[in-house]
Amino acid sequence: MVKKRGANQRTGGKPFIEWCAENGERGERLANEFREELPTELTKASHYKAKWKCLNCKHVWRAKVCNRTNSNRPSGCPQCANYAPASETNNFLAWCEKNGELGKK
């Protein structure tokens, strides 16, 4: 059961499962990436931060359901989009150390 987090959980609109069924490949992908129990109480416009797991890189993150179902600019995996927090080898400090004088300017 999805934990209730205030009045924003069900903000109107189509139920999330129904939306996924009607949106072909994109809906199927979102349904497969959803990592909580059946979202029967959630709608496609819900502000609930659900847990998702990327089918490509296996990264797990939390994002609002409404951000993932947005028709204009839906959000996706932050790691695949290079928005994930930097690792030890991929950050600004490592770049500065690697580039010597160029990094000190």
Side-chain angles (χ1 to χ4, degrees):
M1 186 80 172
V2 176
K3 295 177 186 172
K4 297 204 181 240
R5 297 200 180 174
N8 288 341
Q9 182 142 353
R10 188 174 178 104
T11 59
K14 240 174 235 242
F16 176 69
I17 294 175
E18 188 179 319
W19 182 89
C20 288
E22 293 176 359
N23 280 275
E25 194 175 304
R26 180 174 168 218
E28 184 178 338
R29 189 185 80 242
L30 286 181
N32 289 332
E33 287 182 347
F34 192 84
R35 288 292 165 230
E36 296 187 18
E37 291 185 31
L38 281 176
T40 55
E41 356 182 298
L42 298 177
T43 65
K44 80 171 205 93
S46 175
H47 291 271
Y48 173 70
K49 279 194 167 188
K51 187 187 284 187
W52 308 88
K53 184 175 181 180
C54 180
L55 300 176
N56 296 328
C57 70
K58 309 300 182 224
H59 176 68
V60 177
W61 79 101
R62 288 198 172 271
K64 291 179 182 180
V65 175
C66 63
N67 290 342
R68 301 291 326 269
T69 59
N70 185 343
S71 61
N72 295 332
R73 294 190 63 184
S75 65
C77 173
Q79 186 159 323
C80 289
N82 292 324
Y83 293 126
S87 67
E88 290 180 24
T89 58
N90 182 21
N91 65 32
F92 182 70
L93 183 59
W95 181 88
C96 288
E97 289 172 357
K98 180 182 173 187
N99 288 290
E101 287 296 314
L102 183 63
K104 292 180 182 177
K105 292 181 182 180

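Predicted model only: the values in this text are computed from it and were never measured.
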**Q.** Least distance between heavy atoms, K53 atom then V60 atom
**A.** CG-CG2, 3.8 Å

Q.
Please find the pair of heavy atoms, one from C54 and one from W61, that lie closest to each other, and give the distance.
A.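 Between these two residues, the closest heavy atoms are N-CZ3, 3.5 Å.
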
Report yes if the side chains of [X] and [Y] come closer than 4.5 Å at any heavy-atom pair, otherwise no.
{"X": "C77", "Y": "W52", "value": "no"}
{"X": "K64", "Y": "K49", "value": "yes"}
{"X": "P15", "Y": "I17", "value": "no"}
{"X": "H59", "Y": "C80", "value": "no"}
{"X": "R68", "Y": "R29", "value": "yes"}
{"X": "W19", "Y": "V65", "value": "no"}

**Q.** Any donor-acceptor pair under 3.5 Å from E36 side chain to K51 backbone
**A.**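 Checking the backbone N and O of K51 against the side chain of E36, a donor-acceptor pair under 3.5 Å is found.
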
**Q.** N70 (side chain) donor-acceptor with C66 (main chain) under 3.5 angstrom
**A.** no

Q. In Å and rounded to the nearest 0.5 Å, what is the SG to NZ distance from C20 to K14?
A. 11.5 Å

Q: Mind checking side chain to side chain donor-acceptor pair (under 3.5 Å) for E25 and listing every partner two or more places apart, or none if nothing turns up?
A: none

